[in-house]
Amino acid sequence: MSDSPMILALSCPDRPGIVAAVSTLLAEAGCNIRDAQQFDDLETGRFFMRVVFDRLEGARRAAEIQALVDELATRFGMTFTLRDTAARKRVMLLVSKFDHCLADLLYRWRIGELPMEITGIVSNHDRQHIASTDLGDLPFHHLPVDRQNKMEQEGEVWRLVQETQTDLVVLARYMQILSDDLSAKLSGRCINIHHSFLPGFKGAKPYHQAHERGVKLIGATAHYVTSDLDEGPIIEQDVERISHRDMPDDLVRKGRDIERRVLARAVRYHLEDRVLRNGRKTVVFTD
C-alpha cells in the first residue's frame with residue numbers, strides 16, 4: 001500500500017453513472033476507497049464528489065491515475081483536482097496589527113493539525129506589532145501600504161506568491177481591501193475572515209457599534225475573496241450568544257475566539273480539498 005492516500009474532488013453536470021464510473025476506475029487502477037462523499041444540487045443540476053483512496057500494492061502510479069481521471073473528466077465534463085496528501089499545500093499568511101488568528105494558525109500548524117507548508121508572513125505593519133506571536137524562522141515581509149503605493153505593494157505581494165509557489169493566501173485579519181486585479185489573480189485560493197452577524201455595521205469598531213445596538217448574537221464568516229467586498233463564497237461561519245451584560249471589551253474577546261476557530265476550520269477544509277465552488281456558494285464536505 002502507498003504511504004499516503006490520494007484525494008479526488010470533482011464537480012460536473014449531474015447524470016447517471018458518475019459514482020459507478022469513479023469507483024470502477026479506482027478499483028481497476030488497484031486503489032481502495034477509504035472515504036467518499038457526494039452531493040446532488042437539484043437547483044443547479046450539478047454533482048459534487050470527494051473521494052479519499054489508497055493505492056494498494058501493485059496499483060497504477062499517480063501519473064497513470066491522473067491520465068485515467070483526465071479521460072473520465074472529458075467524458076463527464078468534470079472539473080476536478082487530484083492530489084497526493086503527502087504533497088502539502090503551500091500557504092502565505094497576511095496580517096495587520098491583530099495577530100490572534102495568525103497565532104492560532106501557527107499553533108495548529110506546529111502541532112500538525114493544519115497540514116501545510118508556510119511560505120511566508122506578510123504584513124503592512126512592522127514586526128513589532130505582532131511581537132507576541134512566535135514566528136520562529138518563518139520568512140517575514142514588511143510591505144507598508146498607503147494610497148500612493150497600494151498597486152506597487154500588491155504587485156510585491158503577487159510577486160511573493162508566484163516566487164514561493166504559494167497555493168493559498170490567508171488574510172488572517174489583514175485589514176486591507178484587495179484590488180479587483182489581485183482578487184481575480186487569487187480567485188479560489190484566498191480566504192478572508194471577518195465579523196458577521198453584526199447587522200451591517202461598517203467601518204471602525206464594529207463590536208462597539210453592535211453593543212450600542214444591543215445585539216444578541218455575534219459571529220464570524222470565512223469566505224473566498226472576490227472583487228465584491230466580503231461577499232465571496234462562504235466556507236464556514238459560527239456565532240455566539242451575548243447579553244445586555246456584555247460590554248464592548250467582552251464582545252471583542254468573544255469575537256476573537258469565534259474568528260480564530262472559524263478561520264482555522266475554513267483553512268483546514270481548503271487544505272483537505274473539502275471545499276468545492278458552486279457558483280456564488282460552496283459545497284463543503286465536512287468530516
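Note: hydrogens, waters and symmetry copies are ignored here, and every other heavy atom, side chains too, is used. All values reported here derive from a predicted model rather than from experimental measurement. Each residue takes its place number in the sequence, starting with 1.
Side-chain rings of H129 and F98 stay apart, their centers remaining 6.0 Å or farther from each other.
In summary, the side chains of Q162 and W158 do present a donor paired with an acceptor at a separation below 3.5 Å, with no hydrogens or angles considered. For the residue pair D99/S132, the side-chain donor-acceptor check at 3.5 Å is satisfied. When only modelled atom types and interatomic distance are considered, T119 and T166 share a side-chain donor-acceptor pair under 3.5 Å. For T44 and D41, the side-chain atoms include at least one donor-acceptor pair closer than 3.5 Å.
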Under the side chain to side chain contact (heavy atoms under 4.5 Å, CB included) criterion, do L171 and I193 qualify, and how do the steps go?
-> CA-CA 7 Å; L171 307 185; I193 183 71; over 6 Å; no
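Side-chain atoms of T282 come within 3.5 Å of backbone atoms of I234 as a donor-acceptor pair (strictly under, hydrogens ignored). Of the possible polar contacts, one joining the T74 side chain to the D70 backbone as a donor-acceptor pair under 3.5 Å is found. Proximity of a side-chain donor or acceptor of N149 to a complementary backbone N or O of D146 within less than 3.5 Å is detected.
Annotation for H270 and G188: closest pair CE1-O, 3.5 Å, computed over non-hydrogen atoms. Across all non-hydrogen atoms, the minimal contact from R265 to D238 is NH2-OD2, 3.2 Å. The two residues A264 and R108 have their closest heavy-atom pair at CB-NE, 3.3 Å.
Classification of E272 and R268 as a salt-bridged pair holds, one side-chain N sitting under 4.0 Å from a carboxylate O.
For S96, the side-chain contact (heavy atoms from CB on, under 4.5 Å) partners at least two apart in sequence or on another chain are N124, H125, Y174, M175.
Around the CG atom of L138, the shell of radius 6.0 Å holds more than 12 heavy atoms that belong to other residues, nucleotides or ligands. By the neighbour-count criterion of 12 heavy atoms within 6.0 Å, atom CD of E43 is sparsely surrounded, having that number or fewer from other residues, nucleotides or ligands.
The side-chain tip of R34 does not point at the ring of F53 from less than 6.0 angstrom away and within 45° of straight on.
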